[in-house]
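One structure below.
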Amino acid sequence: MQIVKTRKELKKLLASWKAAGEELGVVMTMGALHAGHLGLVEAASKDNDKVIATIFINPKQFDNKNDLASYPIDTDEDLRKLKQAGVDAVYLPQAGEMYPEGYSTTVSVAAMQDCLCGATRPGHMDGVTTVVTKLLIQISPDRAYFGQKDFQQYLLIQRVVRDLDLPVDIIGVPTYREEGRLAMSSRNRRLNEAQRKIAPTLFQVQNTIRDLVLQGESVDHVLEWGEKVILEAGFDKIDYLELRSEENLTLISETATREAVMGSRIFVAAWLGTTRLIDNLSISR
Ligand code: AMP
């Protein structure tokens with residue numbers, strides 16, 4: 001497995017692969033890797049001749065300084081896992097390589113930003129779409145793999161690629177879950193034992209909401225019930241618990257048609273102490 005740290009080294013490596021006609025898949029991460037990340041690598045390995053992973057803790061997507069300062073870092077272990085998973089190369093750029101002195105451009109999607117994490121984490125989504133666009137341009141892969149755990153991010157990246165005519169296929173990979181069905185996340189490492197016991201409530205509540213909505217129960221009542229259960233379980237705060245369209249994140253309310261409800265997803269973000277967890281679940285699948 002090759003490790004490249006600069007754009008120059010990256011360019012050289014990619015040129016050799018392109019010359020050999022290799023199809024390339026990329027998995028972008030912020031490190032602290034878990035089985036969910038490795039699931040993206042597995043999907044990329046199936047579709048492509050070569051797989052490159054990136055590890056970059058992107059300062060532009062952190063709206064909270066403490067979250068950035070306490071973001072877990074375990075690069076040696078990450079590299080070991082990526083090697084074992086059969087990744088061909090890892091790109092580890094430094095912040096100065098991505099955002100040199102005087103950097104001043106933001107890639108911002110005007111749609112689907114004013115809700116969910118876009119509403120509760122100012123600047124976060126612009127930080128994500130900016131860094132992903134830069135990495136897509138630097139790497140020019142045939143396919144890029146993103147987890148549906150970050151569903152809003154996945155939709156926004158699809159929109160960037162469509163709007164800017166970037167020649168890459170964006171592939172969404174379903175959420176990997178721990179035992180107890182808690183969505184895997186690098187931030188789960190920050191949970192203490194008591195919080196770990198509470199965290200799976202997020203999945204259980206979404207699952208029950210899905211069942212109740214499919215049975216025709218009132219969407220508003222079911223979501224109200226869900227909020228109550230999440231807080232009673234021990235979560236400190238809920239940023240959102242909502243039903244939205246899987247296509248464009250339009251809010252699905254009480255009066256929505258059955259068809260709209262069937263094409264929707266439950267989205268949740270809630271805090272356990274200083275750790276914010278997110279998850280989502282499709283109503284129909
Ligand atoms: P992160 O390192 O958290 O920025 O995530 C890097 C990529 O891994 C993103 O495309 C995430 O959506 C994806 N990812 C993170 N957690 C999971 C998970 N539990 N299941 C599937 N994909 C995930």
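Computed from a predicted structure; not experimentally measured. Whatever order the structure lists them in is the order used to number ligands and atoms, beginning at 1. FYI, side chains are in, hydrogens and waters are out, and symmetry mates aren't considered; it's all heavy atoms of this structure.
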Checklist entry - Short list, please: which atoms of ligand 1 are under 4.0 Å from a heavy atom of Thr29? => result 2 (O), 6 (C)

Checklist entry - Angle class for the Tyr71/Phe62 ring planes (parallel below 30°, perpendicular above 60°, tilted otherwise)? => result perpendicular

Item to check | Contacts of type side-chain contact (heavy atoms from CB on, under 4.5 Å), residue Leu251, not counting sequence neighbours | outcome: Glu242, Arg244

Checklist outcome for this item: min-distance protein heavy atom vs atom 15 (C) of ligand 1 -> His34 CE1, 3.9 Å

Checklist entry - Would you say ligand 1 has an N or O under 3.5 Å from any N or O of Asp150? => result yes

Checklist entry - Which ligand 1 atoms, with their elements, are less than 4.0 angstrom from a heavy-atom of Met184? => result 16 (N), 17 (C), 18 (C), 19 (N)

Next on the checklist: For the residue pair Glu97 / Thr6, report whether a side-chain donor-acceptor contact shorter than 3.5 Å exists.
Outcome noted: no

Next on the checklist: Within the structure, is a non-hydrogen atom of Met28 found at a distance of less than 4.0 Å from ligand 1?
Outcome noted: yes

Item to check | Salt bridge flag under 4.0 Å for residues Arg181 and Asp279 | outcome: no

Checklist entry - Where's the contact between Val27 and ligand 1, heavy-atom distance under 4.0 Å: side chain, backbone, both or neither? => result neither

Checklist entry - Charged N to carboxylate O below 4.0 Å: is that the case for Asp239 and Arg121? => result no

Next on the checklist: Can a side-chain donor-acceptor contact be found between Ser284 and Arg210 if the only test is distance below 3.5 angstrom?
Outcome noted: no

Checklist outcome for this item: Note: ligand 1 atoms sitting under 4.0 Å from heavy atoms of Phe146 are 10 (O)

Checklist entry - Quick one: do Lys5 and Glu9 make a salt bridge, cutoff under 4.0 Å? => result no

Checklist outcome for this item: Nearest non-hydrogen protein atom to atom 22 (N) of ligand 1, with distance, is Gly147 CA, 3.4 Å

Next on the checklist: Applying a heavy-atom cut-off of 4.0 Å, say which part of Met30 lies close to ligand 1: side chain, backbone, both or neither.
Outcome noted: both

Next on the checklist: We want to know whether Asp126 and Gln113 form a side-chain donor-acceptor pair, criterion being a heavy-atom distance below 3.5 angstrom.
Outcome noted: yes

Item to check | For atom 1 (P) of ligand 1, the protein heavy atom that lies nearest, with its residue and separation | outcome: His37 NE2, 3.6 Å

Checklist entry - So which heavy atom in the protein is nearest atom 20 (N) of ligand 1, and how far is it from that ligand atom? => result Tyr176 N, 2.9 Å

Checklist entry - Of the backbone atoms (N, CA, C, O) and the side-chain heavy atoms from C-beta on, which set of Pro174 has a member under 4.0 Å from an atom of ligand 1: side chain, backbone, both, or neither? => result backbone

